[in-house]
Protein chains: 2
Amino acid sequence: MAARDYGQYCGVTRALELVGERWALLIVRDLLVGPRRYGELAAGLPRIPSNILAARLKELQDAGIIRRAPRSRVIVYELTPYGRELEPVVLALGAWGFKAMGDPREEQIITPDSMTMALRTAFRPHVALHLPATVYGARLGPADLLVRVDGPTLDVTRGDGPADLAFAAGPDIHRLISGELAPDRAIATGVVEVLRGPGALLERFASTFHLAA
Amino acid sequence: MAARDYGQYCGVTRALELVGERWALLIVRDLLVGPRRYGELAAGLPRIPSNILAARLKELQDAGIIRRAPRSRVIVYELTPYGRELEPVVLALGAWGFKAMGDPREEQIITPDSMTMALRTAFRPHVALHLPATVYGARLGPADLLVRVDGPTLDVTRGDGPADLAFAAGPDIHRLISGELAPDRAIATGVVEVLRGPGALLERFASTFHLAA
DNA sequence: CTGGATCCTGCCCGATACTG
DNA sequence: CAGTATCGGGCAGGATCCAG
């Protein structure tokens with residue numbers, strides 16, 4: 001621990017000593033969506049070596065950021081209250097990195113949890129406040145997400161269900177969120193495929209979820 | 001670059017690919033205070049090996065986060081507009097890490113730039129708004145900082161100058177900012193030494209700069 | 001099958017010496 | 001002053017193996 005110490009009495013260095021290691025903040029990102037089992041975390045971080053995942057989980061536990069909790073006979077990892085306070089950090093990183101994402105490459109995948117956090121990052125409560133409550137069913141790559149917007153609150157859950165608008169999209173949905181692609185153009189070009197409901201609702205979606213590029 | 005790629009199409013992973021390496025965000029932290037020469041950066045990051053500093057500067061440049069700029073015959077490094085947008089990330093990390101700082105250890109140092117960013121993190125504009133404009137001269141370890149608070153704006157510069165209250169303190173000032181130590185107790189116990197001006201002004205300072213622990 | 005632990009290989013970091 | 005060169009060590013990466 002002393003070896004990777006930055007030697008400064010400063011909040012930023014302290015934070016980086018705790019969550020600055022490779023993969024650490026991505027584990028936190030996924031746990032911000034909800035408690036996860038070891039295997040679920042591994043599935044959401046396809047390239048992480050199992051020993052690294054195990055090591056990070058142990059370090060994050062020692063730092064009081066996550067804890068192991070028994071859930072009906074199986075162990076899940078969940079954030080402690082202090083770990084949950086990392087949400088502004090993850091959201092700020094996500095918003096900043098969004099602008100540098102560029103076009104998706106072939107080997108880049110989308111995971112349900114990363115998409116969930118991306119939607120939280122792009123959510124504009126002050127805009128949603130003036131729009132009717134809406135439920136979107138979004139099939140994003142392998143992830144089926146149910147996105148409930150009600151006034152200034154957002155709730156994203158996995159799985160299918162009744163929705164005002166159901167649509168499917170790939171990584172190119174990035175261009176819709178950034179405003180580079182207008183909603184009607186997104187449908188016309190096939191970037192977004194409307195599965196159920198009026199396609200015009202995609203406009204509401206795009207104004208609710210937006211990040212400048 | 002592909003080796004340290006996370007393989008996900010996600011804003012958080014993209015951000016960590018760009019600034020997730022060791023030392024990278026600390027370089028950004030110092031450059032958020034102002035442009036710095038190579039030697040100034042090295043002085044503010046005492047433990048960084050010179051080859052690592054050189055490598056990070058090159059990577060951050062390639063990523064469009066910093067640029068080399070000639071300033072009257074010498075080269076300085078400065079943030080690009082995109083690099084400056086990392087300020088929310090650094091502030092969020094600083095605020096989160098502040099709570100985990102604990103007591104200062106012997107080998108931990110304080111640098112002027114890290115203290116400047118810490119003050120920016122702890123600054124409460126909505127509180128300062130209702131207080132008279134005040135200039136503090138703060139000698140924090142080796143750093144002489146001139147802290148100007150005027151309404152909701154904060155300006156921190158290096159060096160000495162006329163101040164309403166001048167004081168000296170060590171790392172234990174952390175306990176004043178967190179509220180663990182009341183201003184009058186801080187003076188009584190010698191944590192803060194008043195150099196000039198009315199010690200009562202330290203109360204204003206403590207309410208202007210505060211981070212919960 | 002889940003949740004790890006244990007190898008080995010290689011690369012990045014750290015420390016220091018050296019140069020334009 | 002602003003970096004480059006070099007070398008040792010320690011994490012990361014990947015595959016495999018083990019326990020409940």
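Throughout, protein chains are lettered first and strands after them, A, B, ... in sequence-line order, and every chain is numbered starting at 1.
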Results of salt bridge (charged side-chain N to carboxylate O under 4.0 Å, His left out) for A:Asp172 - residues two or more places apart only: none

Strictly under 3.5 Å: I want the nitrogen or oxygen pairs between protein and nucleotides 3-5 of chain C, one per line.
residue, atom, partner, partner atom, Å
C:dG3, OP1, A:Arg37, NE, 2.9
C:dG3, OP1, A:Arg37, NH2, 3.1
C:dG3, OP2, A:Gly39, N, 2.8
C:dG4, OP1, A:Arg68, NH1, 3.2
C:dG4, OP2, A:Tyr77, OH, 2.3
C:dA5, N6, A:Ser50, OG, 2.6

Short side-chain N/O contact from B:Arg56 to OP1 or OP2 of C:dC13, under 4.0 Å: yes

Residue pair B:Gly197 / B:Val194: nearest heavy atoms and the distance that separates them: O-CG1, 3.5 Å

Rounded to whole angstrom units, what separation is found between the [atom1] atom of [X] and the [atom2] atom of [N]?
X       : N      : atom1 : atom2 : value
B:Leu41 : D:dC1  : CG    : C1'   : 13 Å
A:Leu53 : D:dG13 : CG    : P     : 12 Å
B:Ile52 : D:dG10 : CD1   : P     : 16 Å
A:Leu26 : D:dG13 : CG    : P     : 11 Å
B:Glu59 : C:dC13 : CD    : C1'   : 12 Å
B:Asp5  : D:dG13 : CG    : C1'   : 14 Å

Nearest-nucleotide pick for A:Glu21, side chain only, options being D:dC11, C:dC13, C:dG14: D:dC11

Against B:Val135, only a single residue in B:Val147, B:Asp155, B:Asp164 fulfils side-chain contact (heavy atoms from CB on, under 4.5 Å); can you say which? B:Asp164

Heavy-atom distance under 4.5 Å between the side chains of [X] and [Y], does that happen here?
X        : Y        : result
B:Pro46  : A:Gln8   : yes
B:Tyr77  : B:Arg68  : yes
A:Arg148 : A:Thr153 : no

Got a sec, which residues hit ring-ring contact (aromatic ring centres under 6.0 Å, His included) with [X], two or more places apart in sequence or on another chain?
X        : answer
B:Phe167 : B:Phe205
B:Tyr9   : A:His174
A:Tyr38  : none

Terminal axes of the helix from C:dC1-D:dG20 to C:dG20-D:dC1 (5 end pairs apiece), angle rounded to 10 degrees, sit apart by 30°

